[in-house]
Asker: 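One structure is given below, represented as structure tokens, and several questions about it will come after.
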Protein chains: 2
Amino acid sequence: MPRGFGRGRAIGPPWWQGRFRGAGYRLTVPREAILDVLSKTQRHLSAEDIYLAVHKGYPAVGLTTVYRTLELLAQMGMVFKFDFGDGRARYELSIGPKGTRHHHHLVCQQCGAIIDVDESTLARLQDVLLARYDFRASLRHVAIFGLCSNCRE
Amino acid sequence: MPRGFGRGRAIGPPWWQGRFRGAGYRLTVPREAILDVLSKTQRHLSAEDIYLAVHKGYPAVGLTTVYRTLELLAQMGMVFKFDFGDGRARYELSIGPKGTRHHHHLVCQQCGAIIDVDESTLARLQDVLLARYDFRASLRHVAIFGLCSNCRE
DNA sequence: CTCAATGCAAATCTTTTGCATGCTA
DNA sequence: TAGCATGCAAAAGATTTGCATTGAG
């Protein structure tokens, strides 16, 4: 099981333990393994990606549990679930010891590259949508499709 | 089969016949029925929605043909395929006798309402993404999630 | 000790594909 | 008539569910 996170904390419970105990959920081996995988990547993993990664260390963990855990984590607000239009959902840790991450993505329709977009880039859009359409955009699940610079050559 | 479109043209071939003949595709009963359904709604229909609507007038048309026709129409640029994150694709006619339509949508995560967004609202965003990320956003398949005014009360 | 959590298998749901037949051009 | 288009059935792929068992608190 993962212990510590970042440079200055070699020993101690992972940062997510409190979130589980506080909410009344049980901290189990599969759940810790899944959180461990998510916390160690910058990529946008599918349920099967996570299953395969977890499976290496814990072959007993099944795909069903991965799906159920991801649903729980999404409900707890600890992961974001994205749909990049390729028929499978992608998951990304939304919070960590260092705070919240970026939440917008540019998806290249040619090569499938995914570019993370800074929060501030879409901040103005949010205001426009609220003023013009009375719609409060969450802007946490924005995926914009197009062509990246490589594929435009 | 549908004949005419709009006020001033009671008789004459539907506006899409030329697009089919010109491209070398055959104009069949199922294809006309599907286009007829799409041209008569303002809603965002799923493949099954279209299948059910077509099925009323032409019970022999199968769901497979609906999917294949929609794929062809999307490839021809006559329909846009949207993913609103509910596990099924939605389709909308992209062109008509009156020209192109809007292509952006606000999806309410509470009630599922879909609000059409004017093209110009996102035009500026396109420039920003190109300048800052060297990414050419198509902005034809943008779905932004959030809460509509009703569900915020 | 209790009941939430798990694993397995089977079910679901949407979309795709194989193949023989039908129908447009 | 030729070959694209179709319908049916089955396949495929992602996700969910039923149920008996396990293990965290």
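Because the structure is predicted, anything quoted here is derived from the model rather than measured. Naming convention: chains lettered A, B, ... in sequence-line order (proteins, then strands); numbering from 1 in each chain.
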Asker: Find the distance between CG (B:L125) and CG (B:L130) and round it off to the nearest 0.5 Å.
Answerer: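 Going from CG on B:L125 over to CG on B:L130, the span is 11.0 Å.
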Asker: Nearest whole Å is fine: how far is C:dA9 P from A:L63 CG?
Answerer: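 About 13 Å, once rounded to whole Å.
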Asker: Whole angstroms only, please: what is the CG-C1' distance between A:D83 and C:dT15?
Answerer: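 The distance from CG of A:D83 to C1' of C:dT15 comes to 14 Å, rounded to the nearest Å.
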Asker: I'd like the 5' and 3' limits of the part of DNA chain D contacted by chain B, with heavy-atom contacts below 4.0 Å.
Answerer: D:dG3 to D:dA9
Asker: Once side chain to side chain donor-acceptor pair (under 3.5 Å) is applied, do any residues pair with B:S46, and if so which ones, sequence neighbours excluded?
Answerer: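 Result, side chain to side chain donor-acceptor pair (under 3.5 Å) vs B:S46: B:D49.
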Asker: Indicate for each nucleotide in nucleotides 19-25 of chain C, in 5' to 3' sequence, whether protein heavy atoms under 4.0 Å reach the base (B), only the sugar-phosphate (S), or nothing (-).
Answerer: -----BS
Asker: Looking at OH of A:Y58 and CD of A:E32, how far apart are the two atoms once the value is rounded to the nearest 0.5 Å?
Answerer: 8.0 Å
Asker: Do the side chain of B:R132 and the main chain of B:D127 share a donor and acceptor less than 3.5 angstrom apart?
Answerer: no
Asker: How many whole angstroms separate atom CG of A:L73 from atom P of C:dA5?
Answerer: 12 Å
Asker: Say whether, by atom type as modelled, one donor and one acceptor occur between the side chain of B:S39 and the main chain of B:D36 under 3.5 angstrom.
Answerer: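 Yes; at least one donor-acceptor contact below 3.5 Å.
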Asker: Checking A:R68 now: which residues fulfil side chain to side chain contact (heavy atoms under 4.5 Å, CB included) with it, not counting sequence neighbours?
Answerer: A:T64
Asker: How close do A:S149 and B:D134 get, counting heavy atoms only, and between which atoms?
Answerer: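 Reported closest heavy-atom pair: CB-OD2, 2.9 Å.
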Asker: Keeping the roles fixed (side chain from B:E92, backbone from B:F80), state whether a donor-acceptor pair exists under 3.5 Å.
Answerer: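 No; zero donor-acceptor contacts below 3.5 Å.
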Asker: Within the pair B:Y67 and C:dT16, is there a side-chain N or O less than 4.0 Å away from OP1 or OP2?
Answerer: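 Looking at the OP1 and OP2 atoms of C:dT16, neither is under 4.0 Å from any side-chain N or O of B:Y67.
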Asker: Taking only residues two or more places apart in sequence or in another chain, which ones pass ring pair (Phe, Tyr, Trp, His ring centres under 6.0 Å) with A:F84?
Answerer: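 Listed in chain order: A:H44, A:F82, A:H105.
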Asker: Are A:L63 and A:I34 connected, step by step, through hydrophobic side chains (Ile, Leu, Val, Met, Phe, Trp, Tyr) whose heavy atoms are closer than 4.5 Å?
Answerer: yes
Asker: Going by number, which of residues 49-57 of chain B have a non-hydrogen atom under 4.0 Å from DNA chain C?
Answerer: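 Within residues 49-57 of chain B, no residue comes under 4.0 Å of DNA chain C.
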